[in-house]
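Each remark here refers to the structure printed beneath this line.
Computed from a prediction, not measured in an experiment: that's the story for all the values here. Protein chains get the first letters and strands the later ones, always in sequence-line order, with residue 1 at the start of each.
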Amino acid sequence: MADAPAYEVDALIAEDIGAYLAQHQSKSLLRFITCGSVDDGKSTLIGRLLYDSKMIFEDQLAQLEADSKRVGTQGQEIDFALLVDGLAAEREQGITIDVAYRFFATEKRKFIVADTPGHEQYTRNMVTGASTADLAVILVDARKGVLVQTRRHSFIAHLLGIRHIVLAVNKMDLIGYDQAIFDQIVADYSSFSESIGIESFAAIPISGFKGDNITAAPSLATPWYGGPSLIAHLENVELGGDAAQSRPLRMPVQWVNRPNLDFRGFSGLIASGSVKPGDAVRIVPSGKTSTVKSIVTFGGDLDSAVAGQSVTLTLTDEIDCSRGDVIAAAGDPPEASDQFEATLVWMSDEALKPGRGYWLKLAAQTVTASVQEPKYEINVNTMARLAAKTLELNAIGVAEIQTDRPITFEAYENSRSLGGFILIDKITNATVAAGLLHFSLRRAQNVHWQATTITRADHAALKNQQPRVLWFTGLSGSGKSTIANAVEQRLNLMNRHTFLLDGDNVRHGLNKDLGFTEADRIENIRRVGEVARLMADAGLVVLTAFISPFRAERQMVREILPEGEFIEIFVDTPLSVAEARDVKGLYKKARAGELKNFTGIDSPYEPPENPDIRVNTVEMTVDEAADEIIRQIMPLK
Amino acid sequence: MRTLTHLERLEAESIHIMREVVREGVRPVMLYSVGKDSAVMLHLARKAFYPSPPPFPLLHVDTTWKFRAMYELRERAAREAGMDLLVWQNPEALERGINPFDHGALHTDMWKTEGLKQALNHYGFDVAFGGARRDEEKSRAKERVFSFRSASHGWDPKNQRPELWNLYNTRKAKGESIRAFPLSNWTELDIWQYIMAEGIEIVPLYLAQKRPTVERDGLLLMVDDDRFPLAAGELPVMRSIRFRTLGCYPLTGAVESEAATLEAVVQEMLLTTTSERQGRAIDKDEGGAGMEKKKAEGYF
């Protein structure tokens with residue numbers, strides 16, 4: 001057991017609770033992550049921290065003692081790991097598979113520990129835990145020294161912007177507290193950490209099991225150690241929030257507070273800097289400037305507010321400002337751009353699809369973004385850069401990202417709030433990646449939208465119609481082109497201005513550089529979608545006949561058009577029927593293996609779940625299908 | 001340079017979470033259990049949206065077996081916050097007279113688990129705020145701030161979305177719903193500290209007072225009304241007690257205590273040696289995995 005008592009707070013609590021509470025009230029908060037695998041004694045260390053700081057109650061301890069004897073790995077001794085491995089599956093398998101958050105406090109600080117698993121297949125969990133941490137405790141088994149996993153953990157911690165690294169050389173009791181071994185591990189780690197850009201770290205010899213140098217240092221067993229105990233170190237490192245205060249003001253607007261016509265406030269969490277009434281601010285991206293009138297809170301107006309506080313600001317001018325905008329220091333605003341280089345950590349079982357539209361959420365901004373083929377993937381064990389066409393689960397890579405409109409950002413190394421983002425799959429809604437923006441590839445400011453005098457409404461009014469994009473989707477041979485053609489004929493007779501974009505025809509020109517791989521199919525549809533949008537802007541009723549096999553891309557086109565203008569028409573023909581028709585002889589070739597990536601044969605088709613219109617070509621003739629579509633889209637005014 | 005205290009940082013985080021919900025949820029609601037965590041959550045909601053009232057109603061999933069003092073505070077707290085209060089009692093449980101004395105685990109299942117699902121479905125709420133904290137129980141430690149529920153309100157702990165920085169992915173399919181936990185990173189001590197610092201009104205049952213009690217299966221229960229079945233000749237004993245958590249009065253164990261002020265309660269809490277949920281019967285089912293199993297079934 002520890003050779004020094006944990007924290008001498010009990011006496012104060014008993015004698016003067018008022019003084020204790022005053023002290024607790026002024027505690028600061030440090031969030032840290034522990035990295036290491038089960039074998040490194042990570043859970044044991046956390047269990048020890050909770051135990052020593054009296055966060056384990058008698059009933060929990062009783063259960064722990066019983067569990068230790070039943071399933072523990074420490075013989076008759078207490079197995080602290082059982083205390084922190086929360087989920088039933090984990091207890092059974094004896095591994096930590098998720099991120100768990102633990103809480104303890106000392107006299108100076110409250111701590112939130114993100115406890116994450118160490119194996120490579122849980123890289124995403126570690127990234128999640130590291131994203132909110134100011135400090136990382138990298139555990140090393142003194143018997144094994146710096147291992148591949150030590151390098152991986154250090155790399156990820158550094159990547160996620162953790163400035164304070166603690167190398168905790170654990171299980172010192174098992175090597176007889178040998179200083180020479182400790183020194184060698186520190187030397188090994190030092191040369192590695194320098195090579196990946198870690199500026200400094202603190203090395204502490206500990207035993208999570210026995211308690212050495214956890215709460216007091218040096219322990220009797222390590223008289224040669226001259227540094228602080230782990231707890232003392234955690235109590236004294238600089239906090240990330242303090243560093244953020246010295247940067248210029250940034251407040252992403254979350255919510256516009258309008259209780260009545262006389263009050264208009266902008267609510268958000270201050271990401272960096274400080275603010276006080278009278279400060280000149282600039283709204284980004286609009287660039288409009290104003291002055292802070294007041295900082296409104298439930299408890300009364302404030303004289304100033306700093307990074308880390310959630311506030312509501314009012315301005316002296318009635319200017320346009322909404323969710324996603326950033327209120328910034330007038331003289332030093334952040335940039336906006338729509339092309340970036342970023343590091344991505346892939347978090348989904350479904351690999352990155354270059355070119356596909358994902359939701360990108362950064363601060364309070366949500367936009368559509370597409371990722372180019374990665375420049376390289378990073379081997380997290382060797383730091384080597386590898387060529388990659390995609391990113392699989394747990395892969396970390398660097399790629400270019402494009403957004404459909406400019407977003408306000410800062411480099412991740414300067415601001416986690418304005419440089420960290422997530423990508424969300426538009427169909428499954430899963431969070432598929434975490435991203436760190438590094439820099440803008442071109443200043444989007446240089447490519448302005450040119451405002452035109454004649455608007456899309458003017459174009460449409462002149463043609464006396466509402467623009468529409470009638471998007472036919474279905475298998476090859478389902479009858480898309482034939483039905484679209486029949487619909488266009490009918491519209492033409494009704495004096496509608498139309499244009500039919502046909503899959504085969506477009507591939508002879510605009511898209512002749514594209515093949516039939518998944519990435520090319522996505523790009524094919526993206527381009528057709530953009531062309532359809534331009535034509536709709538010109539006031540036309542556009543008909544498109546493309547297989548367009550993926551829901552995500554059809555959704556992408558729907559989103560770039562004004563609401564209601566995209567009409568998804570599912571030409572519903574079973575594969576067997578389409579194959580039997582085989583108008584172009586393509587199915588025969590595909591079945592013979594002469595045609596690769598053929599939809600329905602060796603490439604998937606994702607049918608619409610809720611198409612605006614569905615026509616069944618087995619039950620309906622071409623004319624019936626065309627009439628039905630006309631009936632549903634009219635009057636088009 | 002001003003270093004924020006841990007309470008300031010917790011408050012800022014909770015407010016940020018609430019504002020995200022309101023901006024990204026379609027029909028949010030705040031589950032209000034009238035306990036101390038609910039009181040803090042409600043107070044934070046008032047702060048988050050001031051000078052507007054919180055733009056969502058309060059929902060109390062009632063079992064008809066809460067302490068009388070809780071019903072009294074419930075109405076007043078909603079009124080003072082300027083919020084609508086919705087009360088839901090599972091009509092089937094009501095009809096069948098489900099109660100904690102005769103029906104055991106079925107009581108919690110029908111009134112609370114089923115009642116909550118019914119209420120969310122009935123009103124069509126897609127996001128529900130809950131006051132759960134990660135320090136309460138082991139499986140809670142791994143739950144996200146935004147926790148997704150299937151259309152049947154089930155929780156799948158193996159399929160949780162990663163939550164990075166303070167970015168919350170609130171997108172969901174039709175029929176799915178979200179439980180949002182703005183107090184995730186608060187501890188019991190933080191809650192008490194904040195109640196004191198902000199002067200938040202809580203149910204007086206948290207403070208010690210002489211109350212009529214009987215002992216049942218090792219729990220000290222308060223006889224809050226005449227529905228409590230007493231054995232022949234049994235008389236409630238007046239004891240100075242308080243409660244560390246509040247639920248249905250026949251299921252909530254009291255502790256003997258003289259702590260009649262908040263300071264004294266905190267003092268006792270810090271010196272005590274048993275955990276907060278220890279007074280609750282439901283966690284002990286199914287070995288250590290009782291709560292995890294209940295949550296998978298849709299318990300909050």
Got B:F49 and A:W255 here, is their nearest side-chain heavy-atom distance under 4.5 Å? yes
If you count heavy-atom pairs under 4.5 Å with chain B, which of A:R109, A:R416, A:R323 comes out on top? A:R323
I'd like to check B:Y50 versus A:T297 (side-chain heavy atoms, cut-off strictly below 4.5 Å). Are they in contact? no
Heavy atoms of A:Q245 and B:R2 approach each other most closely as NE2-O, 2.5 Å
When the 4.5 angstrom heavy-atom criterion is applied to A:F263 and chain B, the contacting part is side chain
For A:S417, is there any backbone N or O sitting under 3.5 Å from a side-chain donor or acceptor partner on B:N166? no
Quick check for you: to the nearest 0.5 Å, what is the distance between A:S28 atom OG and B:H6 atom NE2? 9.5 Å
Could you tell me which non-hydrogen atom of A:A430 sits nearest to which non-hydrogen atom of B:N169, and how far apart they are? C-ND2, 3.8 Å
Yes or no on side chain to side chain contact (heavy atoms under 4.5 Å, CB included) for A:K110 and B:L189, after CA distance, side-chain angles and deciding distance? CA-CA 11 Å; A:K110 166 173 167 153; B:L189 179 58; over 6 Å; no
Residues A:R31 and B:E13 bridged, charged N to O under 4.0 Å: yes
Heavy-atom pairs under 4.5 Å with chain B, option from A:V432, A:V311, A:L160, A:T366 with the top count: A:V311
Between A:T128 and B:R144, does the side chain to side chain contact (heavy atoms under 4.5 Å, CB included) criterion hold? Intermediate values first, please. CA-CA 11 Å; A:T128 302; B:R144 304 291 188 258; 5.7 Å; no
Cut-off 4.5 Å, heavy atoms of chain A, and the answer for B:S184 is backbone
Which one wins on heavy-atom pair count under 4.5 Å against chain B: A:N260, A:I424, A:V296? A:I424
What part of A:A307 gets within 4.5 angstrom of chain B, counting heavy atoms only: side chain, backbone, both, or neither? backbone
Considering only heavy atoms and a distance below 4.5 Å, find which of A:V306, A:L21, A:I427 pairs most often with chain B. A:L21
Evaluate the salt bridge (charged side-chain N to carboxylate O under 4.0 Å, His left out) criterion for residues A:K361 and B:E20: first the C-alpha distance (whole Å), next the side-chain angles of each, then the deciding distance (0.1 Å), finally the verdict. CA-CA 12 Å; A:K361 186 171 180 189; B:E20 283 297 287; 2.8 Å; yes
If you look only at pairs with a residue in residues 420-436 of chain A, which of them pass as a salt bridge (charged side-chain N to carboxylate O under 4.0 Å, His left out), with sequence neighbours excluded? A:K426-A:E559
Between A:F421 and B:W165, does a ring pair (Phe, Tyr, Trp, His ring centres under 6.0 Å) hold up when you go through it step by step? CA-CA 9 Å; A:F421 64 89; B:W165 301 289; 7.8 Å; no
Roughly how far, to the nearest 0.5 Å, is the CZ atom of B:R19 from the OG1 atom of A:T312? 4.0 Å
Please name all residues satisfying side-chain contact (heavy atoms from CB on, under 4.5 Å) with B:P53, sequence neighbours left out, ordered by chain then number. none
Grab the two heavy atoms, one from B:A12 and one from A:S310, that are nearest each other, plus how far apart they are. O-OG, 2.8 Å
Smallest separation among heavy atoms of B:T5 and A:S26, with atom names: CG2-CA, 4.0 Å
Step-by-step side chain to side chain contact (heavy atoms under 4.5 Å, CB included) determination, A:Q309 to B:L4: CA-CA 8 Å; A:Q309 287 184 288; B:L4 298 179; 3.9 Å; yes
Could you report the tightest heavy-atom contact between A:I422 and B:L167, atom names first, then the distance? N-CD1, 3.8 Å
Partners passing salt bridge (charged side-chain N to carboxylate O under 4.0 Å, His left out) against B:R161 (at least two apart in sequence or in another chain): none
Residue-level interface, residues 191-202 of chain B with chain A, non-hydrogen cut-off under 4.5 Å: B:Q193, B:M196, B:A197
Under the side chain to side chain contact (heavy atoms under 4.5 Å, CB included) criterion, do B:M18 and A:Q254 qualify, and how do the steps go? CA-CA 10 Å; B:M18 290 182 179; A:Q254 274 187 285; over 6 Å; no
State whether the side chain of A:S131 and the backbone N or O of B:L164 hold a donor-acceptor pair below 3.5 Å, judged by distance alone. no
Residue part contacting chain B, namely of A:V256, when any heavy atom lies under 4.5 Å: neither
